[in-house]
Protein chains: 2
Amino acid sequence: MTVALDDYALFLRKNGIKVTPQRLEILRYLDKNRNHPNADMIYRDLKKKNPSLSRTTVYNTLDTLRSHNLIHALTISESELRFDSIINPHQHFLCKKCGEIIDIEVECPYLKEVLQGGHRIDEVHGYFKGVCKDCLAKEGGS
Amino acid sequence: MTVALDDYALFLRKNGIKVTPQRLEILRYLDKNRNHPNADMIYRDLKKKNPSLSRTTVYNTLDTLRSHNLIHALTISESELRFDSIINPHQHFLCKKCGEIIDIEVECPYLKEVLQGGHRIDEVHGYFKGVCKDCLAKEGGS
DNA sequence: TTCCTAATTTGTAATTGTTTCAATTTAAGA
DNA sequence: TCTTAAATTGAAACAATTACAAATTAGGAA
Ligand SMILES: [Mn+2]
Ligand SMILES: [Mn+2]
Ligand SMILES: [Zn+2]
Ligand SMILES: [Zn+2]
């Protein structure tokens, strides 16, 4: 999933995933909220409109989407998985001040070099951590 | 901490950390076991020789060492922190087959580029995941 | 050397994110 | 419409980590 989708049901069907209202809602949520939410953010937000939603369904659906390689999981936080509906190769910046996770649009030039080690590489994660531009500005001349 | 230490007490004192037997043992362990252990590996191994060791002490000591920037924490695993006593900039490969975390000695060429975004970068984590050379060899021509 | 005290260690309990599981419901093909 | 395998649900289990208060101790002062 890379650009905003118009037909989530079709998208699921095309990927061999059975269509359910819960999956549609979670998929739409990920597509519309590109701030790398965690499972609980998704659960709490969607629970408002669908009070019978189960936390387990959120976890199950995220696992399903991951196993079909339609979303990615980030381990940039030390305590929880964050989910990314944009699967184009890109890296991430975590602001330790405000907690925001910002996309960094650089490509990984290591790959060829690392592949020469003989390992098979399936995933590349580039995580930068520090203080974001906005938080730095707010801090001012402290 | 980068090269093997000979005097752990001196090392702690030099860094303004009070010397205790527990801290010495944990520090030695990290220095001798460079396989990026998690807190529980450290706890279980050291508990053999010092049965009164508390899990909390392991966590506390790891936090102390981290806050003095003497060790690093890796979020390469999805379920636990792994600790690295080598703080030279380097990246990591996680084999999803055998679980081993292998050092990748490449430098990050992004930094300048990412810094132009205006963020302050304190940490750089490069994580590669896949199947390591040895596991690939064992799999054979499957 | 002994004393003092703030810092450290310890064990237990609490918390948090995630997984397991069995019962109920449901999507979608026959 | 019927059927059934798959999905959803809620509760309980789990694992990593943190909080906390009581007991111990390192290291400086007397
Ligand atoms: Mn992203
Ligand atoms: Mn390392
Ligand atoms: Zn920020
Ligand atoms: Zn391997």
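Computed from a predicted structure; not experimentally measured. Chain naming here is simple, since letters A, B, ... match the order of the sequence lines and numbering starts at 1 in each.
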Practice item. Give the C-alpha distance, both sets of side-chain angles, the deciding distance and a yes or no for side chain to side chain contact (heavy atoms under 4.5 Å, CB included) between A/Tyr43 and A/Thr57. Key: CA-CA 9 Å; A/Tyr43 170 71; A/Thr57 297; over 6 Å; no
**Study point:** Side-chain N,O (B/Ser52) to OP1/OP2 (C/dT10) below 4.0 Å
**Key:** yes
Review point. Which nucleotide in the set D/dG27, C/dT9, C/dT10 lies at the smallest distance from any side-chain heavy atom of B/Asn50?
Key: C/dT10
Check your understanding: What's the NE2-P distance between A/His68 and D/dA6, to the nearest Å?
Key -> 12 Å
**Study point:** Exceeds 12 heavy-atom contacts within 6.0 angstrom, atom NZ of B/Lys47
**Key:** yes
Review point. Quick one: on DNA chain C, does A/Thr56 or B/Arg55 contact a more 5' nucleotide (nearest heavy atom)?
Key: B/Arg55
Review point. Does some side-chain heavy atom of A/Ile42 sit less than 4.5 Å from a side-chain heavy atom of A/Leu62?
Key: yes
Exercise for review: Indicate, with a heavy-atom threshold strictly under 4.0 Å, whether B/Pro21 touches base, sugar-phosphate, or nothing.
Suggested key: sugar-phosphate
Revision key, fill the gap. Taken to the nearest whole Å, CZ/B/Arg44 to C1'/D/dA16 is 13 Å
Check your understanding: Hey, which of these two, A/Ser54 or B/Leu81, hits DNA chain D nearer its 5' end, going by closest nucleotide?
Key -> A/Ser54
**Study point:** Length of the line joining A/Met41:CE and C/dT16:P, which is rounded to integer Å
**Key:** 15 Å
Practice item. Would you mind reading off the distance between A/Arg23 atom CZ and D/dT9 atom C1', rounded to a whole angstrom? Key: 14 Å
Review point. Any side-chain N or O of B/Thr20 less than 4.0 Å from the OP1 or OP2 oxygen of C/dT8?
Key: no
**Study point:** Position toward the 5' end of DNA chain D (nearest nucleotide), B/Glu80 or B/Gln22
**Key:** B/Glu80
Exercise for review: Select base, sugar-phosphate, or nothing to describe what B/Asn60 touches, counting heavy atoms under 4.0 Å on all strands.
Suggested key: base
Practice item. Using atom OH of B/Tyr43 as one end and atom P of D/dA16 as the other, report the distance to the nearest whole Å. Key: 13 Å
Review point. How close or far is atom C1' of D/dT17 from atom CD1 of B/Ile42, stated in whole angstroms?
Key: 14 Å
Review point. With under 30° as parallel and over 60° as perpendicular, where do the rings of B/His92 and B/His36 fit, or are they tilted in between?
Key: perpendicular
Revision key, fill the gap. A/Leu53 CG to D/dT8 C1', in whole Å, measures 9 Å
Point to revise | Between P of C/dG17 and CG of A/Asp63, the distance in whole Å | key: 17 Å
**Study point:** C/dT19 phosphate, OP1 or OP2, under 4.0 Å from A/Tyr59 side-chain N/O
**Key:** no
Review point. Salt bridge or not for B/Asp134 and B/Lys138, using N-O below 4.0 Å?
Key: no
